[in-house]
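What follows is one structure encoded as structure tokens, with my remarks underneath.
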Amino acid sequence: MNTDKPILVNVQDVWKSFDDNHVLRGISMKVEQGSSDVILGRSGIGKSVLLKSIVGLLTPERGSIEVMGSQMVGAKVSDLNRVRTNIGYVFQYAALYDSLTVRENLEFTLTKHTNLTEAEINDLVMEQLRLVGLANAVDKMPSELSGGMKKRIGLARAIIRRPRLVLYDEPTAGLDPITAREISELIQDLEEQFGITSITVTHDLECARIIANRIYILDDGIFQHQGDFDELKASTDPYTKAFFQVIQ
Amino acid sequence: MATDKSTMKETYLQLMYGRFLRSMEEVYNITMFGLRFFKYVLLPPYEIGQVRKHLDELGAKSIPLLTVVGLIMGLILALQSRPTLDRFGAGGFLPAMIALTIVRELGPVITALIVAGRVSSGIGAELGSMKVTEQIDALEVSAIDPYNYLVVTRVLACCIMLPLLTAYVDFLAIFGGFVAEWIAHNSSFQLYFTEVIQSLRFYDLIPGVGKTIAFGYIIGIIGAYQGFNTTHGTEGVGRAATTAVVLASLNIIFLDMVIIQLTFLFLGTGV
């Protein structure tokens with residue numbers, strides 16, 4: 001890891017259980033500013049739990065999570081919210097507010113957290129929609145959108161405030177291979193364009209190949225291996241080899 | 001055989017004890033969830049726009065149903081009571097009886113039960129659906145407090161709207177009583193409403209209105225609690241809606257009984 005860049009996310013020895021199910025057993029990772037890190041693993045292995053712990057939606061039993069220098073574990077809601085204004089989160093099924101139009105979904109955080117005028121907000125909304133190629137969907141309701149369109153709108157919503165960090169929870173899940181590839185390329189383009197740091201959890205190897213600077217393989221509550229895509233693909237370690245072969 | 005019976009009894013007792021503990025835990029959780037409202041309602045940000053939206057959705061859209069119920073309730077009360085009162089030569093007391101029954105008891109409780117059926121289930125289903133589709137999480141990661149934005153606004157709308165809806169139903173039910181009297185005995189509108197107004201005192205109105213605010217709070221909080229704690233996908237959403245109605249209705253009836261006792265204790269029976 002190149003250590004001259006500042007560390008944006010520092011996860012140290014994080015443990016999380018649900019009753020008797022020990023999902024995370026001492027996870028540690030450091031994400032440098034500008035890096036795109038991907039966590040690969042089977043479904044139900046705890047990838048989303050880690051992501052939700054990073055943003056403070058879940059509280060680990062043990063360990064420390066620092067995001068942009070602020071401790072997230074045990075922080076007050078006001079402190080969490082201060083950090084969250086610099087984080088974008090793309091949910092697995094987009095989580096668009098279904099009683100609001102696409103425009104209102106994108107405007108929502110801007111009207112709550114900024115003093116922008118109506119015209120400025122409108123310009124920003126249209127700019128985001130053009131970036132994700134959905135300017136014509138501005139007045140549609142989420143129920144009128146396809147899965148791929150929802151993901152794009154979710155992505156536009158996550159980056160509208162130009163956050164320093166974006167967390168992607170299975171950005172390509174449930175999409176056909178062509179749309180999944182388009183979404184992965186869109187993520188890569190936007191990250192390059194705006195210098196966004198990101199953590200993505202996925203089980204889609206193609207997505208990981210396109211966007212990842214560094215890949216972590218999560219299994220049995222810990223990161224079994226890490227490295228870039230080619231390193232892991234060429235790995236002789238039986239688990240990593242099997243993992244890549246099984247998913248492919 | 002005796003050992004088997006003893007083991008079964010022990011298991012049954014353990015099961016019942018476990019259920020009792022879970023129920024108590026649920027009561028504690030609902031209480032804590034409900035108490036948060038009083039803290040949040042005083043603190044900014046004030047989501048006035050959302051409250052206004054819910055006043056319309058939760059309140060105004062209940063009006064058609066409540067109009068029918070209010071009119072028919074008064075009509076039936078008059079039709080059923082007239083023969084009995086006549087038998088004791090007390091037919092002239094009918095307007096006063098209808099007014100007192102409706103304003104003190106039937107109006108608030110029936111309105112609350114109907115609104116609970118329509119609104120509490122609606123809140124439970126809507127928030128439950130938001131919960132299972134991660135929309136509540138999306139609010140939270142956007143640095144917006146979901147409790148303030150989703151719960152406080154709805155509960156406040158219920159607390160504001162229920163007294164207004166109850167006053168509307170009270171008026172319609174008393175008017176329904178007049179319609180029955182007018183059809184059966186060609187009663188005078190002026191005489192009927194003069195007797196209604198003379199029979200009602202400030203003392204009759206206060207508990208009636210006061211308890212509707214508490215009913216509104218129960219309807220909102222129970223619906224929101226069920227929605228916020230929805231699990232198991234769409235099946236859970238349905239369960240949240242049903243449980244919200246059942247719990248809200250039970251709590252309304254229980255609270256009404258407590259308020260009646262307190263009213264009698266502190267203000268007397270009013271006779």
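Reminder, nothing fancy here: chain letters follow the sequence lines and each chain counts from 1.
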Within a radius of less than 6.0 Å around [atom1] of [X], do more than 12 heavy atoms belonging to other residues, nucleotides or ligands occur?
X         : atom1 : answer
Arg162(A) : CZ    : yes
Tyr12(B)  : OH    : no
Asn115(A) : CG    : no
Glu118(A) : CD    : no
Tyr46(B)  : OH    : yes
Phe38(B)  : CZ    : yes
Glu235(B) : CD    : no

*Check whether any side-chain heavy atom of Tyr89(A) sits under 4.5 Å from a side-chain heavy atom of Asp137(B), and report yes or no.*
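Tyr89(A) does not reach Asp137(B) side chain to side chain.
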
Check whether [X] gets within reach of chain B through its side chain, its backbone, both or neither, counting any heavy atom under 4.5 Å.
X         : answer
Leu96(A)  : backbone
Tyr97(A)  : both
Arg157(A) : side chain

To the nearest 0.5 Å, what is the distance between [atom1] on [X] and [atom2] on [Y]?
X         : Y         : atom1 : atom2 : value
Thr111(A) : Ile144(B) : OG1   : CD1   : 7.0 Å
Lys53(B)  : Ser99(A)  : NZ    : OG    : 4.5 Å
Gln135(B) : Asp98(A)  : CD    : CG    : 4.0 Å
Asn81(A)  : Asp145(B) : CG    : CG    : 7.0 Å
Ser142(B) : Ile160(A) : OG    : CD1   : 11.0 Å

_On a heavy-atom basis, which atom in Lys112(A) and which in Glu47(B) lie closest, and how many Å separate them?_
NZ-OE1, 2.8 Å

*So, for Ala143(B) and Arg84(A), which heavy atoms are closest and what is the spacing to 0.1 Å?*
CB-CB, 4.2 Å

*asked:* Before you tell me yes or no, could you show the steps for Lys52(A) and Glu140(B) under salt bridge (charged side-chain N to carboxylate O under 4.0 Å, His left out), namely the whole-Å CA-CA distance, both residues' side-chain angles and the distance that decides it to 0.1 Å?
replied: CA-CA 11 Å; Lys52(A) 287 183 175 175; Glu140(B) 212 168 335; over 6 Å; no

*Show your reasoning for whether side-chain contact (heavy atoms from CB on, under 4.5 Å) applies to Tyr93(A) and Thr133(B).*
CA-CA 7 Å; Tyr93(A) 298 105; Thr133(B) 54; over 6 Å; no

*Which bit of Ile136(B) is near chain A, if near means a heavy-atom gap under 4.5 Å: side chain, backbone, both or neither?*
neither

_Heavy-atom pairs under 4.5 Å with chain B: which of Pro163(A), Ser78(A), Ala94(A), Ala95(A) has the most?_
Ala95(A)

*Kindly indicate, with the supporting measurements, whether the criterion side-chain contact (heavy atoms from CB on, under 4.5 Å) is fulfilled by Leu57(A) and Val141(B).*
CA-CA 8 Å; Leu57(A) 285 175; Val141(B) 295; 3.7 Å; yes

